Amino acid sequence: MKSYDHKAIEKKWQKKWSDTALYKTREDEGKEKYFIMDMFPYPSGDGLHVGHPKGYIATDVYARFKSMSGCNVLHPMGWDAFGLPAENYAIKNKVHPEIAVKKNVARFKEQLEKIGFNYDWDREINTTDPEFYKWTQWAFVKMFERGLAFESHEPINWCPSCKTGLANEDLEGNVCERCGTVVEKKPMRQWVLKITEYADRLLEDLEDLPWSESVKEMQRNWIGRSEGASVTFAVKDSDKKIEVFTTRPDTLFGATYMVLAPEHAFVSDFLEVVTNRKEVEVYIEQTAKKTEIERTAEGKEKTGVVLDGVYAVNPVNNEEIPVYLADYVLATYGTGAIMAVPAHDERDFAFAKKFNLPIRQVVVPCADDSNNPPQEGFTEVKRDTVIVHLKDKETGKYALLDWHGTLEGITTAIMGGIEEGQTPEEAVLAEIEEEAALAGVTIIKKLEWITAARYCASHKKENRLAIAHVFLAEVDSVKNQGEIPEDEAKKHTLVWVDESEVLERLIPDHQKQVWSLLQRDEALPGYGFLMNSGKFDGLTVEEAKEKVTKHAGGKLTTQYRLQDWVFSRQRYWGEPIPIIHCEKCGPVAVPEEDLPVILPDVESYEPTGTGESPLANIEGWVNTTCPTCGAPGKRETNTMPQWAGSSWYYLRYIDPKNDKELVDKKKEQYWSPVDMYVGGMEHATRHLIYSRFWHKVLYDIGAVSYIEPFQKLYTVGLIQAEDGRKMSKRWGNVINPDDVIDNVGADTLRVYEMFMGPFVQAIAWSTDHMTGARRFLEKVYGIKEKVSDDGEMNELVLHQTIQKVARDVQDFSFNTAISQLMIHTNDMEKRTSVGTEEYKTFLKLLAPFAPHLTEELWSELGGTDSIHLEEWPVCDESILAAATVTVAVQVNGKTRGTFEAAPDTEDSELVKKAKEVDGVKPHLAGKEVVREIVVKGRMVSLVVK
RNA sequence: GCCCGGGUGGCGGAACUGGUAUACGCGCACGACUUAAAAUCGUGUCCCUCACGGGAUGCGGGUUCGAUUCCCGCCCCGGGCACCA
């Protein structure tokens, strides 16, 4: 299916364009500015990601459109080509990182030019350029001076294969992202950035960003803010104290034991005191050996050991409770210690069951009956009641009551009040006797919780709070069922239903809840009011939180899941951390005038294997003098992670050659923030949080003028293999873009990738569907034959297309933009001739999508300059406004016909016309029109009786 | 388990702010051209019905003159976090 020679055309124009940027970065007066960025590498194999150029094509289309629309466009290339892939390549092929980067960039450029990507390459920067990383080091020094960068000796992840330390972002689960080896824990000195200090701002400023909800939500989860209280427990016969964090201070009275993280430092304080020291030490050792995978692979099965002889004192009631070590408590979150409330926490519940610890309910789950809600101003009355689910052993069915009269519509289990002097069990048997006339009943389970419901007894002007004791009972057979008394039968009908239907038949929420609790063996949900809590009984959970905290002498606090950012690597590669260690002064920042600290030449830049950076072996580099006191000092040999440069590189693109400051303030104010950032979902929680943090630090030190770096953010949907799986060399299902370009051309590839579906959505590649894109371009090419100056014009379709393509490209809805271009093409194809002006305008609209073909046709039509430097066509709104509209007519909500009308037709005239439409008349015959609704330019809706 | 996103023909998908559901493309069927095939062009293509008409946007209910769109309950798929107290 070859009707135009894509190879010749594409080659010709790529050559002509090679030294012309099709959208040069400009700062022309009076033009709108646009700063567009993407982060995807396109080249595949050899250490780079296997991928498709969808992201780049999209930003390219967008940039061309903006440029043609008269905007100043800044569109630099992404970052990944210079980062981790290059490093991997360097290590694997034993070449210097700088060479690896150069190779990658050259290749990157070549591949992008193949798909018609062509712009101002002079702005590019990369990590090996000291002029660039000087400013990364500069920012680090500023952080150090503000206490935001500090040293720490926490255990870190160690990859035994790469022989290097890894931060969380280098891991997938607990597996090294680069080599797939399971990592170990190893204590090591690290530089850490205090990102937690920015947690609240990172969270709050998220609100106003026009990002997709899912990315925002991921960041919120990642930061993981939770509000609660910190409470201190004294230790019996000791001056030690244990502080815990809890989100449920309202359940303090339910704490029946305490748990410490086994790896937590303060555990050793207790070793002297415990009477089972051996056992405790064994457990600590076992936990340390377990990898994180083992810990989670064991599921939620709880393990732990008691600290015999150690008791904590609950500050709310001075109760002495045992203390355990268990690995379900993490040393890294909160204080590394918890109070355990088994009645109201899943994990504590599971642990308590396994270790036979007491479970004390302190919150009664209480639901307001939505069918019969409590009324304002009624007297509050409390009743003790029983609810019993009765099972017929023979059939397996359960007894339910369908209520009549005032309770019509309600279906419940058998229930009733507990009379004076009755036990709940006696009440159960009595109710079954009364309501079901059954004897020979056995109670088989009593729910360990009590529950409650509030409802309104309107006839007595009472709000009732029913405290319910819940039971499960069985009857051998219903054969000897007696006569149900008349007064009971009047109130309700007894029905027997299958177990699977019980839940859906039960009507007030409380009844459903009771059934669910009876089925499950779980901790209780987190709403209701307090019990077993002394003077706080009866308060709601919300009311109690602050009051109980105060009573316990604790304070309300906030915790985050987000941890500080481990910012050092033991590698050659990367920006050296600009610190000098002096024996007298400690760690001292390298003065600004001595920046950048440049990587020395080195024979082997592979990891040393000892955990130290290869730089540590270069004595001439390591030994220096302290900038403060002049005494001998040693340089920091750790280097920064790849995230360092990528956290702010977008700012450097604005002003890549500046040697005076990070970025010129005026230029920064002009171009910032990035208007459109396109990347992958994998950046949602790491790169995008790190950049936001870095940017906010720069804002705080006055280097930039906006609090957020990126405005619109689009995450590109993955192109899956034709079989619906991920493209992977392992599966052999990879579609190589280079082959596609060879077969059908770069233009077809571009059109197809933009047309295949919504930009953000993951879609499977389909070579079949791609033929549609090729056919479309062939039609466009074919129409050229009938183009003439006096050819036929369809202004309406043309201007509709101008409008829709502009709007859709703006919204990144490339698929619908192309759809409209196809509609226009089909329209031109049906005509015998096409006017030159219309065709030329159409080509301009198509140009961003199919740059080579449109450039060729443009020049054939006499264009001397590039079509990509033309101006974007302007939509003539008056043509659209003057077009007649099709008005639909609905009768009682059903469409019965349509008619054509001028857009400015009066409402009354539209109604009159609507009533005369053929398909409508029979539906009006003999009926009265009671309502007429007119939606201008769209429809008339008639309601008849 | 918790949170987020989604469910529309045989397939990819479209539908402005509640206003003619199924645009555009792929596929399929029939026809034209051809000795023939491919390519191309034309016509048709949600389901039931000869028709009138009726029914369909995961399922059930609600609000509305009118619901893919809003509300309530459920099912399924995708993704994120996950012993985070």
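Given the structure is predicted, the values throughout are model-derived calculations rather than measurements. Order of the sequence lines sets the chain letters (A, B, ...), proteins ahead of strands, with each chain counted from 1.
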[N] phosphate, OP1 or OP2: any side-chain N/O from [X] under 4.0 angstrom?
X	N	answer
A:Lys894	B:G55	yes
A:Thr895	B:A21	yes
A:Asn826	B:A23	no
A:Arg220	B:C81	no
A:Arg775	B:G27	yes
A:Arg561	B:C83	no

Just the rounded figure in Å: distance from [atom2] of [N] to [atom1] of [X].
X	N	atom1	atom2	value
A:Leu206	B:C4	CG	P	14 Å
A:Leu777	B:C26	CG	P	12 Å
A:Ile763	B:C26	CD1	C1'	13 Å
A:Leu330	B:C81	CG	C1'	13 Å

base_contact_polar (B:G19 base, A:Gln890 side chain, donor-acceptor, <3.5 Å):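 Result: at least one qualifying N/O pair found.
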Is A:Lys302 side chain donor-acceptor paired with the B:C83 base, going by distance under 3.5 Å alone?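 Yes, a donor-acceptor pair under 3.5 Å.
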[X] has a side chain; which of [options] sits nearest to it?
X	options	value
A:Ser226	B:A85, B:C65, B:U20	B:A85
A:Asp327	B:G19, B:A85, B:C83	B:C83
A:Tyr333	B:G5, B:C26, B:A85	B:A85

Pairs touching residues 209-221 of chain A that satisfy salt bridge (charged side-chain N to carboxylate O under 4.0 Å, His left out), sequence neighbours left out: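 Counting only pairs at least two positions apart or across chains, the salt bridge (charged side-chain N to carboxylate O under 4.0 Å, His left out) contacts touching residues 209-221 of chain A are A:Glu207-A:Arg220, A:Glu213-A:Arg220, A:Glu217-A:Arg220.
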Interface with RNA chain B, restricted to residues 816-824 of chain A and to heavy atoms under 4.0 Å: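 The answer is A:Thr816, A:Ser819, A:Met822, A:Ile823.
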Could you identify which residues of residues 808-815 of chain A place a heavy atom less than 4.0 Å from some atom of RNA chain B, listed by residue number, or say none?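 A:Asn815, in order of number.
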Does a side chain donor of either A:Ser226 or A:Gln559 reach within less than 3.5 Å of an acceptor in the other side chain?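 Their side chains do not contain a donor-acceptor pair, so the 3.5 Å distance test is not met.
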Look at all strands and tell whether [X] reaches a base, only sugar-phosphate, or nothing, counting heavy atoms closer than 4.0 Å.
X	result
A:Glu522	nothing
A:Arg896	sugar-phosphate
A:Gln761	sugar-phosphate
A:Ser766	nothing

Using Watson-Crick or G-U wobble geometry with both distances under 3.5 Å, which nucleotide pairs with B:G10?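 With both distances under 3.5 Å, B:G10 matches B:C26.
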Report the base-pairing partner of B:C46 (Watson-Crick or G-U wobble, both distances below 3.5 angstrom), or none.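 Pairing partner: B:G55.
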Do A:Asp747 and A:Arg774 sit within salt-bridge range, that is, some charged N less than 4.0 Å from a carboxylate O?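 No salt bridge links A:Asp747 with A:Arg774.
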